[in-house]
> 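Questions regarding the structure given below will be posed in turn.
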Amino acid sequence: MKKYCAAVLISLSALQVSALATLKKDPAYRDARRNGAQTKIELHIHDDDGTPVPDAKIKAYLGMNFRPLGTWINGTTDTNGVFVLEGKTCGDEIEVFVAKDGYYGSHVIYRYAKMGEERDVKDGKWQPYGAAEKIPLREIVNPCHLANIEKWVDVPCTNTWIGFDMELGDFVAPLGMGKVPDFEVFVEWDGRSADSCSMCKAEIRFSAKGSGGYFSDKIAESAYKFSYRADTNALLLASFATINRDGDFFETHAPFPEDRYFVTKTRCVVKEKEETVVAHYGYIRRLDVYPSKSSHARIDYSGVFNSVPNDLNLEPKCLESKSLNNPIYTPSGSK
């Protein structure tokens, strides 16, 4: 452990030296980092179809050597869905919030200054000056009441397949409170606590006829990042794996990339000709496995389930209110 800490300290010192060396290369960049430089960004706000969104509210923060210093700017997009953001910043943080009635809020962060990188500054202006940036603002289409689960669940037993109920977010009885196994989980774990564990992983499979799922891309900027409806034409996967730790204590692996999630099709009734006549849809935002300090392996689960048969809607009503004024999308210190 001491050797590891020393290596980390050496690596951090090297990064700091590299960053300082970078700052010395260009006096204009160094001055902009210390005292700020002008920025100009054309924010182009559009909907899912690429159509400009006029009269969208903009709240932007131009950072000056981190919070609480900086400037808040408020405005509205024009008839072309454009708002020109101008002001002075040290480049640490340019944070933009977008909102309009009938739409989910959007949130984007831009940075001119990153560790070890040097950006152009000319005539007291960050470059590129006046660059266009597109931000999606997604409509609230048809939100409905769906099971929206986020919870930790202790794994009742390892090295065997156990069913998991997406609607209740628990393993099926008698190992949990779940009733219907939407998918099955096989957890391997070396039995050691989080402080000393070197192997903890899981495999997820959809064994029932007609069931499975597919990975889909998130829309990172939006408060609602997922598909409005399940795609019945998507090629379904029968299984996928998630690894938290495998050999190296300090190396962990997330089950999903940050920009993807997994849409599910379960509880299917299939005719003799392999035609699905009944199905339930949902999606898994996160499913990871960890060793806990209570001598258990644990599942970190986050997902949505539509209990209405054959309803493709994946838009939970609980997310409808996420906009510019929602605390999640208004940072501390905002004005």
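Just the heavy atoms: all of them, side chains too, but no hydrogens, waters or symmetry mates, feed the values below. The structure presented is a predicted model; accordingly, all values stated were derived computationally and were not measured. Positions are given from 1, in the same order as the sequence printed here.
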> What about Val185 and Val180, same hydrophobic cluster or not, with Ile/Leu/Val/Met/Phe/Trp/Tyr joined at side-chain heavy-atom distances under 4.5 Å?
no
> Within the side chain of Asn80, is there an N or O that forms a donor-acceptor pair under 3.5 Å with the backbone of Val82?
no
> For a quick test of reading the model, state the closest non-hydrogen atom pair linking Glu167 to Arg267 and the distance between them.
OE1-NH1, 3.2 Å
> Mind listing the closest non-hydrogen atom pair of Pro136 and Ile219 along with its distance?
CG-CG2, 3.9 Å
> Going by atom types alone, do Arg229 and Asn306 pair a side-chain donor with an acceptor below 3.5 Å?
no
> Whether the side chain of Thr158 engages the backbone of Val187 through a donor-acceptor N/O pair (distance < 3.5 Å, no angle test) should be reported.
no
> Do you see a donor-acceptor pair shorter than 3.5 Å between the side chains of Ser222 and Tyr103?
no
> Salt bridge between Lys218 and Asp259, side-chain N to carboxylate O under 4.0 Å?
no
> Do Phe183 and Met166 make a side-chain contact, defined as non-hydrogen atoms from C-beta onward lying under 4.5 Å apart?
yes
> Taking the side chain as C-beta and beyond, is there a heavy-atom pair between Cys90 and Met64 under 4.5 Å?
yes
> Less than 4.0 Å between a side-chain N and a carboxylate O, is that true for Asp165 and Lys179?
no
> For the atom pair CG (Asn65) and CZ (Arg34), what is the distance rounded to the nearest 0.5 Å?
10.5 Å
> Apply side chain to side chain contact (heavy atoms under 4.5 Å, CB included) to the pair Glu188 and Asn159, showing each step before the final yes or no.
CA-CA 5 Å; Glu188 295 181 79; Asn159 299 308; 3.6 Å; yes
> Between Leu236 and Gly210, what is the shortest heavy-atom contact and its length?
CD1-O, 3.8 Å
> Under a 3.5 Å distance rule, please check whether Arg205 uses its side chain to pair with a backbone N or O of Glu184 as donor and acceptor.
no
> Could you report the tightest heavy-atom contact between Glu93 and Thr89, atom names first, then the distance?
O-OG1, 4.1 Å
> Taking Asp190 for its side chain and Met199 for its backbone only, find out whether a donor-acceptor pair lies under 3.5 Å.
yes
> Hey, are the side chains of Phe164 and Ile284 touching, using non-hydrogen atoms and a 4.5 Å cut-off?
no
> Applying a strict under-4.5 Å side-chain criterion to I, L, V, M, F, W and Y, I'd like to know whether Tyr224 and Val141 cluster together.
yes
> Checking Ser239 side chain against Phe206 main chain: does a donor-acceptor pair fall under 3.5 Å?
no
> Given the rule in the side chain to side chain contact (heavy atoms under 4.5 Å, CB included) test, do Thr242 and Ile204 qualify, once you have shown the distances and angles that lead to the verdict?
CA-CA 8 Å; Thr242 167; Ile204 293 85; 3.6 Å; yes
> Please check if Leu237 and Leu287 belong to a single hydrophobic cluster, counting links between Ile, Leu, Val, Met, Phe, Trp and Tyr side chain heavy atoms closer than 4.5 Å.
yes
> Where is the tightest heavy-atom contact between Ser302 and Glu150, given as atom of each residue plus distance?
OG-CG, 3.5 Å
> Look up atom CG in Leu43 and atom OH in Tyr110, then write down how far apart they are to the nearest 0.5 Å.
5.5 Å
> I'd like to check the side chain to side chain donor-acceptor pair (under 3.5 Å) partners of Glu203; sequence neighbours left out, ordered by chain and number.
none
> I need the Ile299 CD1 to Tyr290 OH distance, nearest 0.5 Å.
10.5 Å
> Got a second to check how far Ile135's CD1 is from Phe83's CZ, nearest 0.5 Å?
11.0 Å
> Test Tyr261 against Ser227 for side-chain hydrogen bond (donor to acceptor under 3.5 Å, both in side chains), laying out the working first.
CA-CA 10 Å; Tyr261 61 105; Ser227 302; 2.6 Å; yes
> Are side-chain heavy atoms of Thr266 and Phe305 found at a separation under 4.5 Å?
yes
> Examine Leu146 and Leu168 and state if one hydrophobic cluster contains both, with Ile, Leu, Val, Met, Phe, Trp and Tyr joined whenever side-chain heavy atoms are less than 4.5 Å apart.
no
> Is Arg138 close enough and on-axis enough to Tyr228, meaning under 6.0 Å and within 45°, for cation-pi?
yes
> One pair to check against side chain to side chain contact (heavy atoms under 4.5 Å, CB included): Lys265 and Tyr214. What are the steps and the verdict?
CA-CA 9 Å; Lys265 176 185 177 184; Tyr214 61 92; over 6 Å; no
> Check Ile73, Val96, Asp92 against Leu62 for a side-chain contact (heavy atoms from CB on, under 4.5 Å) and give me the one that passes.
Ile73
> Looking only at atom types and distance, does a side-chain atom of Asn313 sit under 3.5 Å from a main-chain N or O of Asn142, one as donor and one as acceptor?
yes
> Using the rule given for side chain to side chain contact (heavy atoms under 4.5 Å, CB included), can you reason through Val308 versus Tyr281, listing the C-alpha separation, both sets of side-chain angles and the distance that settles it, and then say yes or no?
CA-CA 9 Å; Val308 179; Tyr281 297 91; over 6 Å; no
> With a 4.5 Å cut-off on side-chain heavy atoms, are Ile94 and Leu85 touching?
yes
> Quick one: do the Asp182 and Thr264 side chains pair a donor with an acceptor below 3.5 Å?
no
> Are any of the side-chain heavy atoms of Thr77 and His46 separated by less than 4.5 Å?
no
> Over 60° means perpendicular and under 30° means parallel, so classify the ring planes of Tyr112 and Trp126, tilted if in between.
parallel
> Are the side chain of Asn310 and the backbone N or O of Ala279 linked by a donor-acceptor pair below 3.5 Å?
yes
> Check whether any side-chain heavy atom of Ile162 lies under 4.5 Å from a side-chain heavy atom of Thr160, and answer yes or no.
yes
> Would a distance-only check, ignoring hydrogens and angles, find a side-chain to backbone donor-acceptor pair under 3.5 Å from Asp123 to Lys125?
no
> Side chain of Lys201, backbone of Asn244: donor and acceptor closer than 3.5 Å?
no
> Is there a donor-acceptor contact under 3.5 Å linking the side chains of Tyr104 and Glu315?
yes
> Check for me whether the distance between the ring centres of Phe240 and Phe215 falls short of 6.0 Å.
yes
> Using modelled atom types only, decide if a donor and an acceptor are shared between the side chain of Lys100 and the backbone of Pro54 within a distance under 3.5 Å.
yes
> Quick one: are the ring centres of Tyr283 and Phe262 less than 6.0 Å apart?
no
> With clusters defined by side-chain heavy atoms of hydrophobic residues (ILVMFWY) lying less than 4.5 Å apart, directly or transitively, does Val172 cluster with Val153?
no
> How many angstroms lie between atom CD of Glu221 and atom NZ of Lys134, to the nearest 0.5 angstrom?
12.0 Å
> Between atom CZ of Arg286 and atom OH of Tyr301, what is the distance when rounded to the nearest 0.5 Å?
10.5 Å
> Mind listing the closest non-hydrogen atom pair of Pro291 and Ser193 along with its distance?
CB-C, 4.2 Å
> If we ignore angles and hydrogens, is there a donor and acceptor under 3.5 Å between the side chains of Glu95 and His107?
yes
> Take atom CG of Asp101 as the centre, draw a 6.0 Å sphere, and report whether it contains more than 12 heavy atoms from other residues, nucleotides or ligands.
no
> Determine whether Val98 and Val108 make a side-chain contact, defined as any pair of heavy atoms from C-beta on separated by less than 4.5 Å.
no
> Just checking, is any N or O donor in the side chain of Ser198 or Arg192 under 3.5 Å from an acceptor N or O on the other one?
yes
